[in-house]
Amino acid sequence: MSLSAEKIIIGADLNGHNTLWGYRSNGNRGKDILDFILANNLNIINKPNALPTFQRNNSVGWPDLTLCSQSLIESSINWEILEEISLSDHRYIETTIASTVTNQFYKRYKTRHGNHLRFLNILEQLEIHKKKVRALKRRAQRAPEIERQARYQVFKKEKAKYKRHIKQARNRGWRKFCSAASHPYGKQYKAPFRKSVFPSQIPYLINRDPKGSLQEAAQNILDQIFLSPAIPTNYNLTTSTQPSDPPFSPQEISAVIEHLPSGNAPGTDGIDNLLIKIIHKRFNNVVPG
C-alpha cells in the first residue's frame, strides 16, 4: 500500500536503532523500520544532529520518529525537541506544518463559576516548581562526569515531588468541585460524561430529588413515563370466541429489547432505547426478561 497520495504525518515511539535518526549503529528493528519507510514512500522529519528524544539518567536514545508522506514534504515543516519538562523519560517534540487553511478556532472558557484567584495561585506555585525542576535538569546535563550521577538523583527526586504536586492539586480541585454538587445531574455529572450520556437518556424525575437504590430510581423513572390510567379499563366486558394469546416469554422480551435501535431519537415518552437496554440488563425484574 502506497501512502504517497495522502497527507499523512506519523509520530511514534518505534524504538529502532539506525544512524539516519541519531544512533551510532544499525539494529535489526531499525532496518525493518527503514524498509517500511522506503516501501511506503515516507520521509523522516527527525534531524540527524538533534538532541536525544529519550533520556534516563546517563542513558540516551532517539526512539521517537516523526514521518510524513511525500505530499507534505514540500510544505514548510519545522521539527524540534523542546526543553519543556515532560514528566516522562521522553521529551516533547513539536512539529509545525505550514497550512493555507484560513479557518480559525478560539478556545472559550466558562468564567462564571471559576474561583479564579485560587486557580491562578495554584498555577503560579506549579510554574515556580516547574522552573526549579527544569533548572536542576540543566545543571545535571552540564555537570562534570564525576558529579553528573548525583545531580541526576537530585533532579529525579524533585521531579517526583513536582508530579505529586500536580496530582494533589488536581485531586483537591476535583474533590471540591464534586462536593459542591447540589443536583445529581448538574454540572458535576455533566463534567465526566459530557456528550456520552444525553439528557434524553435519563429523564428528570418530577420531584427532582431522587432517593433510594438504583433499582428504585429506575422504577421511579418508568412510573413517571408510563403513567397508570385514571380510570382502569375493564377488559372483561368484551367477550371473544378466540383463545387468548399466550403471554410473551422472557426470551421473546429479551430478544425484542436486544434488537432495539440505539441511534434513534426517543419518542413522545422521552425515553431512549439505550436506557431501556441498560435497565433491562441491570434490573431485568423491572423490565421482565
Side-chain angles (χ1 to χ4, degrees), residues 1-107 126-127 130-145 147-149 151-156 158-160 162-163 166:
M1 180 183 65
S2 177
L3 303 178
S4 57
E6 301 291 339
K7 292 185 177 181
I8 294 177
I9 185 167
I10 302 174
D13 177 8
L14 299 178
N15 199 22
H17 289 218
N18 198 294
T19 55
L20 289 178
W21 49 81
Y23 285 99
R24 297 181 180 178
S25 60
N26 298 328
N28 293 332
R29 184 178 179 87
K31 294 178 181 178
D32 293 339
I33 295 172
L34 183 59
D35 290 341
F36 170 81
I37 294 172
L38 296 176
N40 291 280
N41 200 20
L42 296 173
N43 296 270
I44 304 174
I45 306 179
N46 293 53
K47 298 176 182 178
N49 57 347
L51 294 171
T53 63
F54 170 87
Q55 183 170 6
R56 179 184 296 164
N57 297 335
N58 293 330
S59 176
V60 297
W62 293 261
D64 305 290
L65 291 183
T66 307
L67 313 173
C68 73
S69 55
Q70 187 65 32
S71 57
L72 282 177
I73 198 63
E74 297 178 357
S75 305
S76 178
I77 300 179
N78 182 44
W79 183 93
E80 63 176 329
I81 299 174
L82 304 182
E83 289 288 343
E84 188 79 12
I85 300 296
S86 64
L87 303 183
S88 76
D89 297 326
H90 295 258
R91 288 188 170 127
Y92 286 127
I93 299 176
E94 182 180 70
T95 305
T96 306
I97 303 176
S99 175
T100 58
V101 178
T102 57
N103 293 338
Q104 296 182 356
F105 299 91
Y106 301 93
K107 289 185 177 180
L126 290 175
E127 186 66 24
K130 182 175 70 173
K131 291 180 180 179
K132 180 179 179 180
V133 174
R134 189 185 302 173
L136 289 175
K137 181 180 180 180
R138 287 197 297 265
R139 291 174 188 172
Q141 292 173 339
R142 299 170 183 173
E145 187 69 26
E147 301 178 6
R148 189 170 301 165
Q149 186 65 28
R151 288 189 177 271
Y152 266 115
Q153 293 299 325
V154 175
F155 161 69
K156 288 178 64 177
E158 196 63 34
K159 182 180 177 181
Y162 178 54
K163 286 184 178 181
I166 293 176

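- Here the CH2 atom belonging to W79 is positioned 5.0 Å from the CD1 atom belonging to I93, to the nearest 0.5 angstrom.
- No more than 12 heavy atoms of other residues, nucleotides or ligands lie within 6.0 Å of NZ in K131, so this atom counts as exposed by the packing criterion.
- Interatomic distance, CG of L67 versus CD1 of I9, reported as 8.5 Å (0.5 Å rounding).
- Taking every heavy atom of both residues into account, S88 and K159 meet most closely at O-NZ, 3.0 Å.
- In terms of the salt bridge (charged side-chain N to carboxylate O under 4.0 Å, His left out) criterion, K137 has no residue partners (sequence neighbours excluded).
- Partners of D89 under the salt bridge (charged side-chain N to carboxylate O under 4.0 Å, His left out) rule, at least two apart in sequence or in another chain, are R56.
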- prompt: For N46 and W62, what are the C-alpha separation, side-chain angles and deciding distance, and is it a side-chain contact (heavy atoms from CB on, under 4.5 Å)?
  reply: CA-CA 9 Å; N46 293 53; W62 293 261; 5.8 Å; no

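- C68 and I77 get closest at one heavy-atom pair: SG-CD1, 4.1 Å.
- Of all heavy-atom pairs between P63 and T53, the closest is CD-OG1, 3.2 Å.
- Paired with Y152 under the rule side chain to side chain donor-acceptor pair (under 3.5 Å), one option of R139, Q55, Q141 passes, and it is Q55.
- Here the closest heavy-atom approach between residue R148 and residue A143 is recorded as NH2-O, 3.0 Å.
- To the nearest 0.5 Å, the span separating CG on N26 from CG on N18 amounts to 4.0 Å.
- Rounded to the nearest 0.5 angstrom, N40 CG and D35 CG are separated by 11.0 Å.
- Annotation: side chain of K47 is not in contact with side chain of I81 (no heavy-atom distance under 4.5 Å).
- Interatomic distance, L34 CG to W21 CH2, rounded to the nearest 0.5 Å: 5.5 Å.
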*After noting the C-alpha distance and the side-chain angles of V60 and F54, does the key distance pass the side-chain contact (heavy atoms from CB on, under 4.5 Å) rule?*
CA-CA 5 Å; V60 297; F54 170 87; 5.9 Å; no

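- Not a single ring-ring contact (aromatic ring centres under 6.0 Å, His included) links Y92 to another residue, sequence neighbours left out.
- Ionic pairing of E84 and R91 is not present here: no N-O contact between side-chain nitrogen and carboxylate oxygen is shorter than 4.0 angstrom.
- Put simply, CG on L14 and CG on L65 are 5.0 Å apart, with the number rounded to the nearest 0.5 Å.
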